[in-house]
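Sequence lines set the chain letters: A, B, ... in the order given, protein chains first and strands last, and positions in each chain run from 1.
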Amino acid sequence: MTTMQAGAAIDVVAVEKRYGQRRGTANVALRDVNLNVQSGEFVSLVGASGCGKTSLIRMIGGLAPYTAGSITIDGSPVRGVPQRLGFVFQDAALMPWRSVRQNVAMGLNEIAKTLSKQEARGRVDAQLELVGLSQFADYYPRQLSGGMKQRAGLARALVSAPGLLLMDEPFGALDAFTRLRLQEELALIVSESSTTTVFVTHDVDEAVFLSDRVAVMSASPGTVKEIVTVDLPRPRLGRQGLLDNRRAAELRDHVLRLVMEDQEARPSRPA
Amino acid sequence: MARPTIQESGTRSSDAASAGPATAGSTGLAPSRNLLRRATIALPLLSVLIFLAVWQIVGGHIDPILLATPVNVVKAFWDLLTSGQLGPAFATAMGDLATGYLLATVVGVAIGVLMGRSPIVERVLNPYVNFFQATPLIALVPLVVIWFGVGFEARVTVTFMLAVWSIIINTATGVKETPPALIDVGRVYKLSRWRVITGVALPNAVPNIFAGLRIALGKALIGMVIAQMEISVTGLGGLIINYGNAFKTAYLLAAVCTASLVGVVAASVLEIIRRLAFPWTKGEDLGRW
């Protein structure tokens, strides 16, 4: 990318999310969530299903409201979708009627006025090259495999060189091998950019491999329970490189234990 | 980075893809597949030929007022064509149909989008849509005559009012069923409200819209023929009622067949438009288990 702008810094302070209006019946989905993500950092949110990690990432992206607390990006409170945001959705969410190229070009919509046609085309082409989809630029999404769709979704999110990249379980629906390859590619892409990334996953290995820090969430009500710093050297090229790494194993076990504790603590049936 | 591989057929044309395995692979399956494919043309053809033959034989033994034979229908058709009756009747029919149907498409899609996008508009209009959907609209023909007289406007109105409801309902369904994730994509990449409608909700509704258009076409044809029979006595409907009143069954059936032909041609045009203008919908409705 030609322009290297600083990644966004996120501050989540005492955020709460309630459903239901009437007093007493309100359902608290998130309570007292605190999270600080520095510029250029890669932070994963992990936790059992129902812990509100998707809700939290949607709030950071301005796609869902919260009922108390504050979320600020570079010091200004989130009202609506923040500027220079890239978002990768669970199932790629490509427009079926647009070719891969046209889908990726959507990512430039916000800054379209500042680019000439050739510049825009050049950036889309470069992004397609980066995710290995150059040959498939003119295909429709239904002609692509799941991994290729998610590559296209990633290209759409990255093409504007966003300050903030939010990824909501982007690899959750992929088969194990495609998933490993995309994790490695993502690690490479993100390490070469200054983008701040928040990544939701329930895959502890994935979180440890990709992240600078892992925020472990617990459920009912959802909150950030502990933030684990992944003090593994970068670049971490290759997932297999971490397989026999003792420190990686320790971190993985630690995070996994935190997640499992929370699961066991929950009653299996109401008393 | 490993080269990605493509899972589904790499060719753009799904027709070519379906022909691929049978011709390329010389497996044991190939002959039976070929037979099956030939049967897709031969079987319906054979069916129609046998039907016509039976009709010809049975018709030959029945009073021609009750049932004309296929041969006589063809003769009547030729006679109508050469005597200069069929041409103008056909043109009138096409004019009525095209005007009423296109009007129904424009109005139906517009109202359908509004209903699909806005719950308020939906609640306001739903009673009327449900009422007219449940009403045998042919019963309103006399009212249409009172309002619009007995000319072109009245015939177009009848055609329009039969066709428009299924277009509204299907468009609204398609728009309403836009996946929330695609709306989110629109929000993240800052599409305007207008572009969320034209660029996300409307394209998402295209398969539904075409399903509605196909149903509406059949209804528009009924409206057009009835209007020509009951309102103006003109066009194909006029031929049908005149020859019916004269007990000229062969001529009546020739006019009916022409009306069916109009329907078949219009449906094919619709399908061609869908394939050319909206190639991403290609093959979506070809599934058969």
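- Residue A:Glu41 places its CD atom among more than 12 non-hydrogen atoms of other residues, nucleotides or ligands, all under 6.0 Å distant.
- Put simply, of A:Gln83, A:Gln90, A:Met95, the one with the most heavy-atom pairs under 4.5 Å next to chain B is A:Met95.
- Of all heavy-atom pairs between B:Leu182 and A:Pro96, the closest is CD1-CD, 4.2 Å.
- Counting non-hydrogen atoms of neighbouring residues, nucleotides and ligands closer than 6.0 angstrom, the CG atom of B:Leu276 exceeds 12 such neighbours.
- With a 4.5 angstrom heavy-atom cutoff, B:Val206 does not touch chain A via any of its atoms.
- Using a 4.5 Å cut-off between heavy atoms, A:Ala92 does not touch chain B at all.
- Residues B:Tyr189 and A:Met106 approach most closely at CB-O, 3.6 Å, considering heavy atoms.
- Atom CG of B:Asp184 and atom CZ of A:Phe87 lie 7.0 Å apart (nearest 0.5 Å).
- Looking at A:Arg58, the atoms closer than 4.5 Å to chain B (heavy atoms on both sides) all sit in the side chain, from C-beta outward.
- Proximity to chain A (any heavy atom under 4.5 Å) is shown, for B:Pro203, by both the backbone and the side chain.
- Among all heavy-atom pairs drawn from B:Arg187 and A:Val81, the shortest one is O-CG2, 3.7 Å.
- Shortest non-hydrogen contact noted between A:Tyr140 and B:Pro279 is OH-CG, 3.4 Å.
- Using a 4.5 Å cut-off between heavy atoms, A:Leu94 contacts chain B through its backbone alone, with no side-chain atom that close.
- To the nearest 0.5 Å, atoms CG (B:Leu202) and CH2 (A:Trp97) are separated by 9.0 Å.
- A distance of 5.5 Å separates NZ of B:Lys190 from CG of A:Leu85, quoted to the nearest 0.5 Å.
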